[in-house]
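This is a predicted model, so every value here is computed, not measured. As the structure lists them, so they are numbered: ligands from 1, and atoms in each ligand from 1.
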Amino acid sequence: MIKMMIGFMKDYWKYRHKVKKQDVWMRKYTKQNDYVLNPSWMMATNLKVWLSEMDETFGKRYCPCFEPSGDAVLDKKMLCPCEFVEDEIKEYGTCHCALFGSADLDKEGWKASSKRLMEEYRVPLDLKEGVLDTRGMPMDSRRDLPIPDAMHQLKSTLNDYSDNELTMIVEREQEALNLEKIAEYRGYSSEKVVKDDHYEVTLHMDGSSFKGSNSSCGT
Ligand code: SF4
């Protein structure tokens, strides 16, 4: 808990200016659409921080719960606020990430949505001797993307990882490209190897001065 709070404060400080900017458009957006922001200040702030990090890493304000897919049409739909909000609010009472919700959603409804999110992301990972195989996760039916994706599996792993080197197995080239971008942003060195039916990206984290935490959706 203390580690999580320290990580949150570091991230908040690092992205504080961007978080303020997120606040401005979110207030306008919720008012126009009769939605509300997640009433948990910490959850809403974390999501603003993660959105800011997506923007810094990938150059656009992609949904904090899904890494870019490489499909230009889908990626456009995933810019926050995404095209799935209305549909998901009808289904869960909130958007997938539980950032925006229906104005009449009660406390129990917000709790249920956060629980759904945690169950989706807190799953056992296939990590053996410094190799994380990210394949085989369930797919989100609207976006046809895995949950948790390689980016979120990396973040979850680094929460509790002491080695300086991690090899990740990913199925698609775009996932390998995303890992290389994350590595570049964080100051890790990385190398990619193309195999017959997958890609391997090895991250070398020694010497990185990255100060952010690795918390993410549901963690
Ligand atoms: S699911 Fe929510 S947080 Fe994610 S992009 Fe859509 S509106 Fe934004």
Side-chain angles (χ1 to χ4, degrees), residues 8 11-12 15 18-105 109-123 137-156 174-175 178 181-182 212-219:
F8 168 73
D11 280 353
Y12 180 61
Y15 295 113
K18 274 191 172 256
V19 164
K20 272 192 188 159
K21 286 188 185 163
Q22 314 279 11
D23 262 341
V24 175
W25 74 258
M26 284 179 191
R27 272 179 219 282
K28 208 166 148 193
Y29 174 73
T30 47
K31 203 171 165 192
Q32 281 168 350
N33 291 280
D34 201 22
Y35 297 152
V36 287
L37 269 182
N38 192 314
S40 155
W41 179 83
M42 189 146 173
M43 181 75 178
T45 305
N46 256 330
L47 283 156
K48 289 173 201 168
V49 164
W50 298 330
L51 267 175
S52 305
E53 193 173 56
M54 291 301 277
D55 196 0
E56 291 281 319
T57 309
F58 298 107
K60 288 191 178 157
R61 202 174 62 206
Y62 289 117
C63 178
C65 293
F66 296 94
E67 61 182 90
S69 68
D71 171 338
V73 176
L74 177 59
D75 286 348
K76 198 171 170 205
K77 288 183 183 175
M78 291 203 301
L79 295 174
C80 188
C82 66
E83 284 199 13
F84 307 99
V85 177
E86 197 182 332
D87 205 28
E88 289 178 332
I89 286 184
K90 271 188 201 142
E91 183 177 350
Y92 314 122
T94 74
C95 67
H96 174 272
C97 308
L99 175 60
F100 302 114
S102 158
D104 58 6
L105 192 66
W110 280 103
K111 245 173 144 176
S113 201
S114 299
K115 188 167 175 265
R116 167 192 54 79
L117 196 63
M118 277 189 246
E119 283 170 357
E120 281 179 355
Y121 286 85
R122 288 185 187 170
V123 293
M137 289 294 166
M139 304 297 278
D140 176 74
S141 59
R142 289 183 176 85
R143 299 160 183 84
D144 202 23
L145 292 174
I147 305 180
D149 58 23
M151 177 180 77
H152 287 87
Q153 291 188 51
L154 170 66
K155 286 183 161 198
S156 301
Q174 183 61 40
E175 295 172 299
N178 290 342
K181 276 202 173 168
I182 293 166
S213 78
N214 288 295
S215 59
S216 66
C217 307
T219 66

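- Residues that satisfy the side chain to side chain contact (heavy atoms under 4.5 Å, CB included) test with Glu83, not counting sequence neighbours, are Lys77.
- Atom CD of Glu86 is surrounded by 12 or fewer heavy atoms from other residues, nucleotides or ligands within 6.0 Å.
- Considering Leu51, Val85, Asn46, Thr94 in turn, Leu51 is the only one that fulfils the side-chain contact (heavy atoms from CB on, under 4.5 Å) rule with Leu99.
- Screening the protein for N, O or S atoms under 2.8 Å from atom 8 (Fe) of ligand 1 yields 1; no waters enter the count.
- Checking Arg61, Lys48, Lys60, Lys155 one by one against Glu53, the salt bridge (Lys or Arg N to Asp or Glu O under 4.0 Å) holds for a single residue, Lys155.
- Under the 6.0 Å cut-off for aromatic ring centres, His152 and Phe66 do not qualify, their centroids lying 6.0 Å or more apart.
- Taking the six-membered ring wherever Trp is involved, the centroid distance between the rings of Trp41 and Phe8 falls below 6.0 Å.
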